Amino acid sequence: MPELPEVETIRRQLAEKVIGARIKRVEVRRAAVMTNPIPGLDLLSGKTITGVSRRGKWLWLSLEGDLALLFHLGMTGQLVWEEEGELPPHTHLLIELDRGRLRFTDFRRFGRVRLGKSEEIRDYLEEKLGPEPLSPAFSVSYLKNALARSRRPIKALLLEQKAVAGLGNIYTDEALFLAGIDPRRPACTLTEDEVKRLHEAIKGVLAEGIRHRGTSIRNYVDAEGTPGEHSLFLRVYGREGQPCPRCGTPIKKIKLSGRGTHFCPHCQH
DNA sequence: ATGCGCCTGCGT
DNA sequence: ACGCAGGCGCAT
């Protein structure tokens with residue numbers, strides 16, 4: 001599910017809704033979504049939410065007392081703010097606020113929630129993530145170095161969160177298409193020009209995804225419960241057999257590092 | 001570096 | 001009935 005653009009969309013919307021809100025009550029409806037012991041959650045009652053942040057595909061609420069509640073949405077996780085209403089099935093965590101409520105719903109249950117001290121959460125993420133692709137830390141020279149050290153297929157490398165934080169299966173295929181690069185190419189074989197194109201393409205597709213409030217294939221919704229529009233703009237992902245938007249050749253789908261991979265056999269080398 | 005398991009639901 | 005799906009962590 002959610003890759004960087006989807007999580008960033010949720011972050012922006014939640015920031016509007018919940019910063020300054022006070023937590024009335026937290027209900028863990030399925031304990032297994034918590035990576036650490038639950039009793040701690042009781043201590044969230046009465047606390048005010050002071051911020052909503054994102055790093056890669058991870059999102060956290062900052063809370064009074066230097067605490068952070070960290071979410072990873074896995075493949076099908078939703079984080080929705082709403083006033084009221086019947087709870088959908090597979091809602092594992094409910095945070096009641098003085099204005100509305102926040103629910104974490106995830107039918108495949110790959111998502112996780114963790115409570116920790118702010119600093120501990122920061123360290124946890126920094127340890128496992130590479131640079132933010134939309135920040136200056138993700139420079140052409142950084143990317144060039146990262147690629148030079150690997151013979152893995154370029155697509156497999158881009159999916160590693162330690163190389164670049166936040167890319168997943170959709171935006172990786174889209175970026176490689178825009179850059180005109182075959183996803184199977186060993187990373188270290190990219191030329192300087194190709195690295196530059198890839199760098200631009202990565203930033204471009206992510207920004208575009210955010211602009212369209214994310215890609216909804218089947219289950220993703222933003223923090224208001226609304227599907228994103230970016231599926232209408234995908235160039236190769238999910239378009240096997242349909243004409244390449246650039247040359248008309250049918251889009252091919254192969255399996256690469258265990259993931260469905262879409263590309264144009266004519267435009268990508 | 002690759003494959004498998006974790007889950008549920010949908011399309012074939 | 002089977003394969004596949006936006007991801008990740010662990011075993012091999």
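Just the heavy atoms: all of them, side chains too, but no hydrogens, waters or symmetry mates, feed the values below. What you are looking at is a predicted structure, and each value in this text was computed from that prediction instead of being measured. Chain naming here is simple, since letters A, B, ... match the order of the sequence lines and numbering starts at 1 in each.
Note on A:Tyr237: only backbone sugar-phosphate atoms sit closer than 4.0 angstrom, heavy atoms only; bases stay farther off. Among the heavy atoms of the strands, none lies under 4.0 Å from A:Ser257. Residue contacts for A:Gly260: at a heavy-atom cut-off of 4.0 Å it reaches the sugar-phosphate backbone alone, with no base atom in range. A:Gly168 comes within contact range of the sugar-phosphate backbone alone, with a heavy-atom separation under 4.0 Å but no base atom that close.
Between A:His72 and the phosphate of C:dC8, there is a side-chain N or O to OP1/OP2 separation shorter than 4.0 Å. Neither OP1 nor OP2 of C:dG7 sits under 4.0 Å from any side-chain N or O of A:Lys128.
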Report summary line: Intra- and inter-strand pairing of DNA chain B, written as dot-bracket with Watson-Crick and G-U pairs under 3.5 Å and | for the latter, reads ||||||.|||||
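For A:Lys162 and B:dA1, the NZ to P distance is 14 Å, given to the nearest whole Å. Between A:Arg259 atom CZ and C:dA5 atom C1' the separation is 9 Å, expressed in whole Å. In this structure, the NZ atom of A:Lys253 is 8 Å from the C1' atom of C:dA5, given to the nearest Å. Atom C1' of nucleotide B:dA1 and atom CG of A:Leu256 are separated by 12 Å, given to the nearest angstrom. C:dG7 atom P lies 16 Å from atom CG of A:Leu59, rounded to whole Å. Atom CZ in A:Arg151 sits roughly 10 Å away from atom P in B:dA1 (whole-Å rounding). Counting to the nearest Å, the P atom of B:dT2 and the CZ atom of A:Arg152 are 5 Å from each other. With rounding to whole Å, A:Glu3 atom CD is found 12 Å from C:dA5 atom C1'.
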Query raised in the report: Is there a side chain to side chain donor-acceptor pair (under 3.5 Å) between A:Lys253 and A:Thr261 once you walk through the steps?
Result: CA-CA 5 Å; A:Lys253 181 177 180 189; A:Thr261 298; over 6 Å; no
Report task. Any chance you could list the contact pattern along nucleotides 6-12 of chain B? Use B for base contacts, S for sugar-phosphate-only contacts and - for none, protein heavy atoms under 4.0 Å, 5' to 3'. Result -> BBBB---
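Open room surrounds NZ on A:Lys117; 12 or fewer heavy atoms of other groups in view lie less than 6.0 Å from it. The number of heavy-atom neighbours closer than 6.0 Å to CD of A:Glu16, taken from other residues, nucleotides and ligands shown, is 12 or below.
With A:Glu208 as the fixed residue, the salt bridge (charged side-chain N to carboxylate O under 4.0 Å, His left out) test singles out one of A:Arg235, A:Arg213, A:Lys203: A:Arg235. Evaluated for a salt bridge (charged side-chain N to carboxylate O under 4.0 Å, His left out) with A:Glu96, the options A:Arg22, A:Arg25, A:Arg101 yield exactly one hit, A:Arg25.
Here the side chain of A:Lys57 is nearest to one of C:dG9, C:dA5, C:dG7, namely C:dG7.
Separation of the A:His230 and A:Tyr171 ring centroids falls under the 6.0 Å cut-off. Ring to ring, A:Phe138 and A:His199 are close: their centroids are under 6.0 angstrom apart.
Annotation: cation-pi pair A:Arg112/A:Phe71 absent, no NZ/CZ under 6.0 Å from the ring centroid and within 45° of its normal.
Using cut-offs of 30° and 60° for the angle between ring planes, the A:Phe233 and A:His212 rings count as parallel.
For A:Arg99 and A:Glu83, the salt-bridge test fails: no basic side-chain N is under 4.0 Å from an acidic carboxylate O.
Here the separation of B:dC7 from C:dC10, taken at their P atoms, is 15 Å to the nearest Å.
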